[in-house]
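Worksheet for the structure shown next.
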Amino acid sequence: MKSNFKSWPVIVVLTLVSLPLLIMFTFQLVDTFTNPIPGSIWPESFTVEHWRFLWEEPELGRSSIWVVTWNTFVFAATTAVAVTTISLTAAYALSRLNFPARRFFLGGLIILHAFPTITLIIAIFLILQFLGLYNSLIGVILVKSALELPFGIWIMKGFYDTVPWEIEMAGVQDGASRFTVWWKLVLPQVQPGLSALLIFSFLSGWSEFVLPLVLAPGNEAQVLSTYLSALILDDTKPDFNLFKSVGMFYAIPVIAIYLIFQKKLMNIYGGGSKG
Amino acid sequence: MRIELKNFTKTFGELTVIDRLNLTVESGEMIALLGPSGCGKSTTLFTICGIHRMNGGSLHFGDRDVSDLPSQKRNVGVVFQNYALYPHMSIRDNIAFPLKVQKEDAATIARKVDEIAELVHIPELLERKPAQLSGGQQQRVALARALVRKPDVLLLDEPLANLDAKLRLEMRSEIRRIQLETGITAILVTHDQIEAMSMCDRIALMKGGKIVQLDKPDEMYANPADQFVAGFLGNPPISFVDASVVGDTFVLGAGEIAVSANLMGRVPSQLQLGVRPEYFGPQFGSGVAGKITFVETQGRENLYDVTLQNGTVIRSIQPSGQSFALGDQVSWGIDTDNVLAFSANGDRI
């Protein structure tokens, strides 16, 4: 591809800016497999002992990493599916149907999207406790989904808005019910938004920290972010290389998903246009 | 199938867009709803197919009262201005969609799709996607999809507006051919008088939510009901000239012409004359003097604007190869038998 400006200055600038991050990540990776001499930054010997948490029995008071990983996966996946399904239907209604107080709901979406959710945490805590969902994975899933919804609905509404209404009218004229029209004719048009939202809300659930920390601090509902935080807070036997290894383990799925789906994720910021 | 719209009224909020409109389309007939934008022609079309609900009146297809039926049960085929093909489906699936919704079996669907593709001349395109088709081909697909389940009525909403000039000419005759071959009752919505005149059996000319005149194209052209109809039909358009009657002559800004026998004695002293370009020129004698202020070459013909002394412009269309040039002073005649006379408020006299 020929471009109207030289690409190497851009590459140099981008490399310089991302260099600190790259160095940090490199050393994190290196440190998880090596033992450095104290006081030196260069590694001395190769070892896999920092990854022993993957196969050894957990220490007393700690959950097994696999249980925690499973919890995290269930939390992220359920949240993603819930957010996506509800956004798909709610956004269609907001984009297409003329129902009472439509403008109010649209305005409410924007406000909720901009609202600092952390200020709600005490109220949510009380509600969950009242409902008996405190310290359970279901409770956190419900809260996380609800907080993620305004963003999801807003994004999906943008995608629906780009679908020409004539397509729906043509479907209705062809004899299809409104539901068939939505399912067979409209959904395929917003499919890029659907996949992007699904991945995005999965990642958002995967990296969620505050909600599980406050609303489900017990061992049964522990997720990787809270596991990691518990690890560093445990100052009786600080093990930074273990911390780094768990951190690496935690980040691997995110990196993998980004590498595989980066094109689909870009859709969300492209406002639904194909780029 | 006969379509009968009786006392149809449509309001949007406080605004009455269409007030008690009556229209009957005979079985097998193709009729045009023609008019400037905002005249209610699309509203009428969308009411017939069920997208809009009626606020008053009734709609019958044959003997069947469909006034309150939802779109799905009306059996109407619609071709939209932007064709509204389903972009994720192949052409075959696009055309088959109405049949699949009716749960016909696969063999029947395949046979019907092949038949209709043959009719609209697209059998080689069936496996492509809509984005791989040209505008004219998409138009044919849209027609095929609208016709495949043998609807009672075919509705066309500005079907040619998105095509370039050459394709428009081609599709004009193609749509008419397909309509005649299937014998379907069709309604065409357009703002282009040439489309309406060339494709349809009758034209309903609309203005402000009312049908001003409903007639055969040539009849409407020769005998417009009022000044609006006269001005809307005809390309290049008719020229209107203020005139007064003195004895048995019309006195124009710069010249006079005889009052024709059919108007004699019926005209008020002040009126407007409508002169079509083909009835003004040297072949009709002389008497109306002016200066050629604009010449438009159209190949077979030339179009001249002749400005009279009082500033009125009369257009004339002449076979090309004549020696008139911009700026020439001319004195041409008007074919008095074909002059249209209108009263001050626009009514035909």
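A, B, ... follow the sequence lines: proteins, then strands. Residue 1 opens every chain.
By the side chain to side chain contact (heavy atoms under 4.5 Å, CB included) test, A:L142 pairs with A:L133, A:I138, sequence neighbours left out. The side chain to side chain donor-acceptor pair (under 3.5 Å) search around A:T69 returns none, not counting sequence neighbours.
Other residues, nucleotides and ligands contribute more than 12 heavy atoms inside 6.0 Å of the CZ atom of A:F249. Crowding of B:F12 atom CZ: a count of heavy atoms from other residues, nucleotides or ligands under 6.0 Å exceeding 12. Counted within 6.0 Å of CZ on A:F209, heavy atoms from surrounding residues, nucleotides or ligands total more than 12; the atom is thus considered enclosed.
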Taking 3.5 Å as the threshold, show me the donor-acceptor pairs across chain A and chain B, one per line with distances to 0.1 Å.
unit_1: A:E166; atom_1: OE1; unit_2: B:N82; atom_2: ND2; d: 3.4
unit_1: A:G171; atom_1: N; unit_2: B:Y86; atom_2: OH; d: 3.2
unit_1: A:Q173; atom_1: O; unit_2: B:R149; atom_2: NH2; d: 2.5
unit_1: A:Q173; atom_1: NE2; unit_2: B:C49; atom_2: O; d: 3.1
unit_1: A:Q173; atom_1: NE2; unit_2: B:S71; atom_2: OG; d: 3.4
unit_1: A:D174; atom_1: OD2; unit_2: B:Y86; atom_2: OH; d: 2.7
unit_1: A:A176; atom_1: O; unit_2: B:Q72; atom_2: NE2; d: 2.9
unit_1: A:K184; atom_1: O; unit_2: B:H88; atom_2: NE2; d: 2.9
unit_1: A:Q189; atom_1: NE2; unit_2: B:H88; atom_2: ND1; d: 2.8

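The candidate with the highest count of non-hydrogen atom pairs below 4.5 Å against chain A, out of B:V101, B:V79, B:V76, B:V78, is B:V101.
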Kindly indicate, with the supporting measurements, whether the criterion side-chain contact (heavy atoms from CB on, under 4.5 Å) is fulfilled by B:F97 and A:L185.
CA-CA 10 Å; B:F97 185 77; A:L185 303 180; 3.9 Å; yes
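Judged as a salt bridge (Lys or Arg N to Asp or Glu O under 4.0 Å), not a single pair has a partner in residues 66-89 of chain A (not counting sequence neighbours).
Only the backbone of B:L85 comes within contact range of chain A, judged by heavy atoms closer than 4.5 Å.
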